[in-house]
Protein chains: 2
Amino acid sequence: MPDNKAKTLKPASDAVEILHRRLYEGKPARLKNLEEARANEEIARRIQELRAAAALTQTQLAKLIGTTASVICRLEDADYEGHSLAMLRRIAGALNQRVEIRFVPIRRSA
Amino acid sequence: MPDNKAKTLKPASDAVEILHRRLYEGKPARLKNLEEARANEEIARRIQELRAAAALTQTQLAKLIGTTASVICRLEDADYEGHSLAMLRRIAGALNQRVEIRFVPIRRSA
DNA sequence: CAGTCTATTCGCAATATTGCGAAAACGCAA
DNA sequence: TTGCGTTTTCGCAATATTGCGAATAGACTG
(Lines give C-alpha, C1' and ligand atoms only; values in the text may rest on other atoms or scores of the structure.)
Protein backbone atom coordinates (compact mmCIF):
# COMPACT_ATOMS: atom_id res chain seq x y z
CA MET A 1 0.00 0.00 0.00
CA PRO A 2 1.26 3.44 -0.90
CA ASP A 3 -0.21 4.85 2.24
CA ASN A 4 2.75 5.47 4.49
CA LYS A 5 0.95 7.15 7.29
CA ALA A 6 1.45 5.43 10.58
CA LYS A 7 -1.38 3.07 11.24
CA THR A 8 -2.71 4.36 14.48
CA LEU A 9 -5.83 2.71 15.73
CA LYS A 10 -8.19 5.60 15.87
CA PRO A 11 -7.87 7.24 12.44
CA ALA A 12 -9.56 4.30 10.81
CA SER A 13 -12.99 5.18 12.12
CA ASP A 14 -12.37 8.84 11.42
CA ALA A 15 -11.63 7.98 7.83
CA VAL A 16 -14.90 6.18 7.61
CA GLU A 17 -16.67 9.24 8.87
CA ILE A 18 -14.99 11.29 6.20
CA LEU A 19 -15.84 8.81 3.52
CA HIS A 20 -19.40 8.82 4.68
CA ARG A 21 -19.52 12.56 4.46
CA ARG A 22 -18.03 12.55 1.00
CA LEU A 23 -20.42 9.90 -0.14
CA TYR A 24 -23.46 11.92 0.67
CA GLU A 25 -22.13 15.41 0.13
CA GLY A 26 -20.48 14.74 -3.19
CA LYS A 27 -23.34 12.64 -4.38
CA PRO A 28 -26.68 14.02 -3.29
CA ALA A 29 -29.39 11.54 -2.50
CA ARG A 30 -31.54 12.83 -5.28
CA LEU A 31 -28.86 12.20 -7.88
CA LYS A 32 -28.40 8.67 -6.62
CA ASN A 33 -32.13 8.16 -6.79
CA LEU A 34 -32.14 9.42 -10.33
CA GLU A 35 -29.56 6.91 -11.41
CA GLU A 36 -31.39 4.13 -9.66
CA ALA A 37 -34.65 5.17 -11.22
CA ARG A 38 -33.07 5.02 -14.63
CA ALA A 39 -31.58 1.63 -13.91
CA ASN A 40 -34.97 0.31 -12.82
CA GLU A 41 -36.52 1.74 -15.93
CA GLU A 42 -33.99 -0.11 -18.01
CA ILE A 43 -34.68 -3.38 -16.25
CA ALA A 44 -38.39 -2.98 -16.82
CA ARG A 45 -37.86 -2.27 -20.49
CA ARG A 46 -35.50 -5.20 -20.86
CA ILE A 47 -38.00 -7.60 -19.37
CA GLN A 48 -40.62 -6.39 -21.76
CA GLU A 49 -38.22 -6.68 -24.67
CA LEU A 50 -37.31 -10.23 -23.81
CA ARG A 51 -40.91 -11.22 -23.32
CA ALA A 52 -41.88 -9.66 -26.62
CA ALA A 53 -38.96 -11.34 -28.34
CA ALA A 54 -40.22 -14.65 -27.01
CA ALA A 55 -43.68 -13.79 -28.33
CA LEU A 56 -45.32 -14.25 -24.96
CA THR A 57 -48.17 -12.36 -23.33
CA GLN A 58 -47.86 -11.24 -19.74
CA THR A 59 -50.25 -13.99 -18.76
CA GLN A 60 -48.22 -16.61 -20.56
CA LEU A 61 -44.95 -15.51 -19.03
CA ALA A 62 -46.66 -15.34 -15.65
CA LYS A 63 -47.73 -18.95 -15.90
CA LEU A 64 -44.25 -19.97 -16.93
CA ILE A 65 -42.84 -18.69 -13.67
CA GLY A 66 -45.84 -19.56 -11.56
CA THR A 67 -47.42 -16.20 -10.93
CA THR A 68 -50.02 -13.89 -12.43
CA ALA A 69 -50.15 -11.27 -15.14
CA SER A 70 -50.45 -8.40 -12.73
CA VAL A 71 -47.08 -9.30 -11.29
CA ILE A 72 -45.47 -9.25 -14.72
CA CYS A 73 -47.11 -5.96 -15.45
CA ARG A 74 -45.67 -4.55 -12.25
CA LEU A 75 -42.21 -5.72 -13.23
CA GLU A 76 -42.51 -4.02 -16.59
CA ASP A 77 -43.60 -0.77 -15.02
CA ALA A 78 -40.76 1.72 -15.43
CA ASP A 79 -41.56 3.26 -12.06
CA TYR A 80 -41.33 0.00 -10.16
CA GLU A 81 -38.51 0.07 -7.66
CA GLY A 82 -38.87 -3.32 -6.05
CA HIS A 83 -36.89 -5.51 -8.42
CA SER A 84 -35.29 -8.43 -6.66
CA LEU A 85 -32.61 -10.75 -7.83
CA ALA A 86 -34.88 -13.71 -7.17
CA MET A 87 -37.60 -12.41 -9.46
CA LEU A 88 -35.21 -11.35 -12.19
CA ARG A 89 -33.80 -14.85 -12.18
CA ARG A 90 -37.21 -16.42 -12.48
CA ILE A 91 -37.98 -14.21 -15.44
CA ALA A 92 -34.63 -14.86 -17.02
CA GLY A 93 -34.98 -18.60 -16.53
CA ALA A 94 -38.32 -18.70 -18.26
CA LEU A 95 -36.88 -16.73 -21.14
CA ASN A 96 -33.81 -18.88 -21.48
CA GLN A 97 -31.48 -16.27 -20.11
CA ARG A 98 -29.36 -15.89 -17.04
CA VAL A 99 -28.90 -12.82 -14.89
CA GLU A 100 -25.40 -11.49 -14.79
CA ILE A 101 -24.46 -9.16 -11.97
CA ARG A 102 -21.41 -7.01 -12.09
CA PHE A 103 -19.94 -4.38 -9.85
CA VAL A 104 -18.28 -1.82 -12.05
CA PRO A 105 -16.28 1.13 -10.75
CA ILE A 106 -17.84 4.53 -11.07
CA ARG A 107 -15.55 6.94 -12.67
CA ARG A 108 -16.10 10.20 -10.98
CA SER A 109 -14.79 13.03 -13.13
CA ALA A 110 -12.89 15.35 -10.86
CA MET B 1 -14.43 -17.02 8.56
CA PRO B 2 -14.72 -20.75 9.23
CA ASP B 3 -15.50 -21.49 5.63
CA ASN B 4 -12.23 -21.17 3.81
CA LYS B 5 -13.21 -22.61 0.49
CA ALA B 6 -14.12 -19.14 -0.64
CA LYS B 7 -10.44 -18.50 -1.00
CA THR B 8 -9.93 -21.18 -3.60
CA LEU B 9 -9.99 -19.77 -7.08
CA LYS B 10 -11.37 -21.01 -10.34
CA PRO B 11 -8.82 -23.52 -11.64
CA ALA B 12 -10.24 -26.51 -9.84
CA SER B 13 -13.83 -25.55 -10.40
CA ASP B 14 -13.68 -26.28 -14.11
CA ALA B 15 -13.52 -30.00 -13.59
CA VAL B 16 -16.27 -29.80 -11.06
CA GLU B 17 -18.32 -27.85 -13.51
CA ILE B 18 -17.92 -30.50 -16.17
CA LEU B 19 -18.91 -33.25 -13.79
CA HIS B 20 -21.98 -31.40 -12.72
CA ARG B 21 -22.92 -30.73 -16.26
CA ARG B 22 -22.80 -34.43 -17.01
CA LEU B 23 -24.73 -35.37 -13.93
CA TYR B 24 -27.45 -32.84 -14.33
CA GLU B 25 -27.83 -32.69 -18.05
CA GLY B 26 -31.47 -32.96 -18.87
CA LYS B 27 -32.47 -31.89 -15.39
CA PRO B 28 -32.98 -28.15 -15.73
CA ALA B 29 -34.45 -27.58 -12.30
CA ARG B 30 -31.52 -28.93 -10.39
CA LEU B 31 -29.03 -27.39 -12.72
CA LYS B 32 -30.74 -24.08 -12.30
CA ASN B 33 -30.49 -24.32 -8.53
CA LEU B 34 -26.85 -25.13 -8.80
CA GLU B 35 -26.18 -22.17 -11.00
CA GLU B 36 -28.08 -19.92 -8.65
CA ALA B 37 -26.16 -21.18 -5.68
CA ARG B 38 -22.93 -20.54 -7.46
CA ALA B 39 -24.06 -17.10 -8.53
CA ASN B 40 -24.92 -16.22 -4.94
CA GLU B 41 -21.59 -17.50 -3.81
CA GLU B 42 -19.91 -15.30 -6.35
CA ILE B 43 -21.82 -12.25 -5.23
CA ALA B 44 -20.86 -12.87 -1.64
CA ARG B 45 -17.23 -13.25 -2.58
CA ARG B 46 -17.33 -10.13 -4.74
CA ILE B 47 -18.72 -8.05 -1.90
CA GLN B 48 -15.98 -9.24 0.36
CA GLU B 49 -13.37 -8.54 -2.29
CA LEU B 50 -14.59 -5.02 -2.83
CA ARG B 51 -14.76 -4.34 0.88
CA ALA B 52 -11.28 -5.69 1.39
CA ALA B 53 -10.00 -3.67 -1.54
CA ALA B 54 -11.44 -0.58 0.11
CA ALA B 55 -9.70 -1.56 3.33
CA LEU B 56 -12.90 -1.48 5.32
CA THR B 57 -14.06 -3.70 8.15
CA GLN B 58 -17.58 -5.07 8.11
CA THR B 59 -18.51 -2.58 10.79
CA GLN B 60 -17.14 0.31 8.77
CA LEU B 61 -18.92 -0.69 5.59
CA ALA B 62 -22.07 -1.24 7.61
CA LYS B 63 -21.96 2.30 8.92
CA LEU B 64 -21.39 3.63 5.43
CA ILE B 65 -24.68 2.19 4.26
CA GLY B 66 -26.50 2.71 7.52
CA THR B 67 -26.72 -0.81 8.89
CA THR B 68 -24.81 -3.17 11.17
CA ALA B 69 -21.91 -5.56 10.83
CA SER B 70 -24.05 -8.64 11.16
CA VAL B 71 -25.88 -7.63 8.01
CA ILE B 72 -22.65 -7.30 6.07
CA CYS B 73 -21.51 -10.64 7.39
CA ARG B 74 -24.72 -12.18 6.15
CA LEU B 75 -24.20 -10.72 2.70
CA GLU B 76 -20.72 -12.15 2.55
CA ASP B 77 -21.91 -15.61 3.52
CA ALA B 78 -21.59 -17.84 0.46
CA ASP B 79 -24.76 -19.69 1.42
CA TYR B 80 -26.90 -16.59 1.66
CA GLU B 81 -29.66 -16.64 -0.92
CA GLY B 82 -31.48 -13.43 -0.12
CA HIS B 83 -29.51 -10.93 -2.13
CA SER B 84 -31.64 -8.05 -3.29
CA LEU B 85 -30.93 -5.47 -5.90
CA ALA B 86 -31.57 -2.74 -3.36
CA MET B 87 -28.93 -4.03 -0.98
CA LEU B 88 -26.40 -4.70 -3.71
CA ARG B 89 -26.81 -1.13 -4.84
CA ARG B 90 -26.28 0.22 -1.37
CA ILE B 91 -23.09 -1.79 -1.06
CA ALA B 92 -21.93 -0.79 -4.50
CA GLY B 93 -22.66 2.87 -3.85
CA ALA B 94 -20.61 2.90 -0.68
CA LEU B 95 -17.74 1.22 -2.51
CA ASN B 96 -17.86 3.61 -5.44
CA GLN B 97 -19.28 1.08 -7.82
CA ARG B 98 -22.49 0.60 -9.66
CA VAL B 99 -24.46 -2.59 -10.13
CA GLU B 100 -24.81 -3.66 -13.70
CA ILE B 101 -27.51 -6.15 -14.56
CA ARG B 102 -27.55 -8.05 -17.77
CA PHE B 103 -29.74 -10.75 -19.22
CA VAL B 104 -27.56 -13.02 -21.28
CA PRO B 105 -28.85 -15.91 -23.38
CA ILE B 106 -28.21 -19.41 -22.13
CA ARG B 107 -26.95 -21.81 -24.69
CA ARG B 108 -28.68 -24.94 -23.61
CA SER B 109 -27.27 -28.34 -24.43
CA ALA B 110 -23.69 -28.55 -25.47
C1' DC C 1 -2.43 -14.72 29.99
C1' DA C 2 -5.69 -10.48 29.21
C1' DG C 3 -7.23 -7.09 25.96
C1' DT C 4 -8.76 -5.54 21.48
C1' DC C 5 -10.50 -5.77 16.99
C1' DT C 6 -12.88 -8.49 13.75
C1' DA C 7 -16.00 -11.80 12.10
C1' DT C 8 -19.85 -14.92 12.73
C1' DT C 9 -24.26 -16.70 14.38
C1' DC C 10 -28.81 -16.34 16.44
C1' DG C 11 -33.44 -14.49 17.34
C1' DC C 12 -37.11 -11.53 16.49
C1' DA C 13 -39.32 -7.07 15.02
C1' DA C 14 -39.73 -3.97 11.14
C1' DT C 15 -39.94 -3.28 6.42
C1' DA C 16 -40.23 -4.71 1.55
C1' DT C 17 -41.60 -7.76 -2.07
C1' DT C 18 -44.63 -11.14 -3.94
C1' DG C 19 -49.18 -13.63 -4.71
C1' DC C 20 -53.48 -13.07 -6.37
C1' DG C 21 -58.05 -11.79 -7.57
C1' DA C 22 -60.97 -8.22 -9.33
C1' DA C 23 -62.07 -4.40 -12.01
C1' DA C 24 -61.10 -1.08 -15.45
C1' DA C 25 -58.81 0.57 -19.58
C1' DC C 26 -56.70 -0.31 -23.89
C1' DG C 27 -56.23 -2.07 -28.85
C1' DC C 28 -58.00 -4.24 -32.58
C1' DA C 29 -60.96 -6.49 -35.73
C1' DA C 30 -65.63 -8.03 -37.22
C1' DT D 1 -70.97 -0.55 -31.92
C1' DT D 2 -69.70 -5.35 -29.69
C1' DG D 3 -66.53 -8.88 -28.52
C1' DC D 4 -62.13 -10.61 -27.20
C1' DG D 5 -57.53 -10.67 -25.65
C1' DT D 6 -54.23 -7.98 -23.38
C1' DT D 7 -52.54 -4.74 -20.23
C1' DT D 8 -52.92 -1.86 -16.20
C1' DT D 9 -54.29 -0.56 -11.53
C1' DC D 10 -55.73 -1.48 -6.86
C1' DG D 11 -56.01 -3.73 -2.30
C1' DC D 12 -54.61 -6.93 0.98
C1' DA D 13 -52.57 -11.39 2.67
C1' DA D 14 -48.43 -14.19 2.43
C1' DT D 15 -43.69 -14.49 2.14
C1' DA D 16 -38.94 -12.66 2.07
C1' DT D 17 -35.44 -9.45 3.35
C1' DT D 18 -33.54 -6.15 6.44
C1' DG D 19 -32.51 -3.97 11.12
C1' DC D 20 -30.31 -4.69 15.14
C1' DG D 21 -28.65 -6.17 19.54
C1' DA D 22 -26.27 -9.78 22.00
C1' DA D 23 -23.41 -13.56 22.41
C1' DT D 24 -19.64 -16.39 20.63
C1' DA D 25 -15.39 -17.39 18.28
C1' DG D 26 -11.03 -16.26 15.92
C1' DA D 27 -6.78 -13.65 15.21
C1' DC D 28 -3.40 -10.77 16.78
C1' DT D 29 -0.55 -8.07 20.13
C1' DG D 30 1.58 -6.76 24.38
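Because only heavy atoms are used, hydrogens play no part in the values below, and waters and symmetry mates are left out as well, while side chains stay in.
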*Asks:* Assign each of L56(A) and G82(B) to its nearest nucleotide of DNA chain D by heavy atoms, then name whichever residue's nucleotide is nearer the 5' end.
*Replies:* L56(A)
*Asks:* When rounded to the nearest 0.5 angstrom, what is the spacing between CZ in F103(A) and CG in L50(B)?
*Replies:* 6.0 Å
*Asks:* With respect to the side chain of T68(B), which nucleotide from dG21(D), dT8(C), dC20(C) is positioned closest?
*Replies:* dG21(D)
*Asks:* Rounding to a whole Å, what distance do you find between M87(B):CE and dT18(D):P?
*Replies:* 5 Å
*Asks:* Does dG11(C) have OP1 or OP2 under 4.0 Å away from a side-chain N or O of R74(B)?
*Replies:* no
*Asks:* Please tell me which of the listed nucleotides, dT8(D), dT7(D), dT17(C), lies nearest to the side chain of E76(A)?
*Replies:* dT8(D)
*Asks:* Ignoring hydrogens and angles, answer whether the base of dG19(C) and the side-chain atoms of S70(A) contain a donor-acceptor pair closer than 3.5 Å.
*Replies:* no
*Asks:* Within the 4.5 Å heavy-atom criterion, are I47(A) and L88(A) side-chain neighbours or not?
*Replies:* yes
*Asks:* Mind checking Q60(A) for me? I need base, sugar-phosphate or nothing, with any heavy atom below 4.0 Å counting as a touch.
*Replies:* nothing
*Asks:* In whole angstrom, what separates I47(A)'s CD1 from dT8(D)'s C1'?
*Replies:* 16 Å
*Asks:* When we call it a touch if two heavy atoms are under 4.0 Å apart, what does Q48(A) touch: a base, just sugar-phosphate, or nothing?
*Replies:* nothing
*Asks:* Just how far, in rounded Å, is C1' of dT17(C) from CD1 of I72(A)?
*Replies:* 14 Å
*Asks:* Measure the distance from NZ on K63(A) to P on dG5(D) and round it to the nearest whole Å.
*Replies:* 12 Å
*Asks:* From C-beta outward on S84(B), which listed nucleotide comes closest to its side chain: dT8(C), dC20(D), dT18(D)?
*Replies:* dT18(D)
*Asks:* Tell me the closest heavy-atom pair linking A92(A) and V99(A), and the distance in Å.
*Replies:* CB-CG2, 3.6 Å
*Asks:* Using the side-chain heavy atoms of Y80(B), tell me which of these nucleotides is nearest: dT18(C), dT17(D), dG19(D).
*Replies:* dT17(D)
*Asks:* Between C73(B) and L75(A), which is nearer to the 5' end of DNA chain C once each is assigned its nearest nucleotide?
*Replies:* C73(B)
*Asks:* Would you mind reading off the distance between D79(A) atom CG and dT7(D) atom C1', rounded to a whole angstrom?
*Replies:* 16 Å
*Asks:* For Q58(A) and dA24(C), give me the distance from atom CD to atom C1', rounded to whole Å.
*Replies:* 15 Å
*Asks:* Give the nucleotide from the list dT18(C), dT8(C), dT8(D) with an atom nearest to the side chain of A69(B).
*Replies:* dT8(C)
*Asks:* Provide, to the nearest angstrom, the distance between the CD1 atom belonging to I65(B) and the C1' atom belonging to dC20(D).
*Replies:* 13 Å
*Asks:* Tell me yes or no: between the side chains of T57(A) and T59(A), is some donor less than 3.5 Å from an acceptor?
*Replies:* no
*Asks:* Quick one: L88(A) CG to dT17(C) C1', roughly how many Å, whole number?
*Replies:* 12 Å
*Asks:* Consider the side chain of R90(A), meaning its heavy atoms from C-beta on, and name the nucleotide among dT18(C), dG19(D), dT9(C) that approaches it most closely.
*Replies:* dT18(C)
*Asks:* To the nearest 0.5 Å, what is the distance between CZ (R90(A)) and CD (E36(B))?
*Replies:* 10.0 Å
*Asks:* Nearest to the T59(A) side chain among dT7(D), dG19(D), dG19(C), which nucleotide is it?
*Replies:* dT7(D)
*Asks:* Pair R38(B), E35(B) - check salt bridge (charged side-chain N to carboxylate O under 4.0 Å, His left out), show working.
*Replies:* CA-CA 5 Å; R38(B) 220 174 38 165; E35(B) 289 177 358; 5.9 Å; no
*Asks:* When you get a sec, tell me which of dT6(C), dG19(C), dT9(C) is the closest nucleotide to the side chain of V71(A)?
*Replies:* dG19(C)
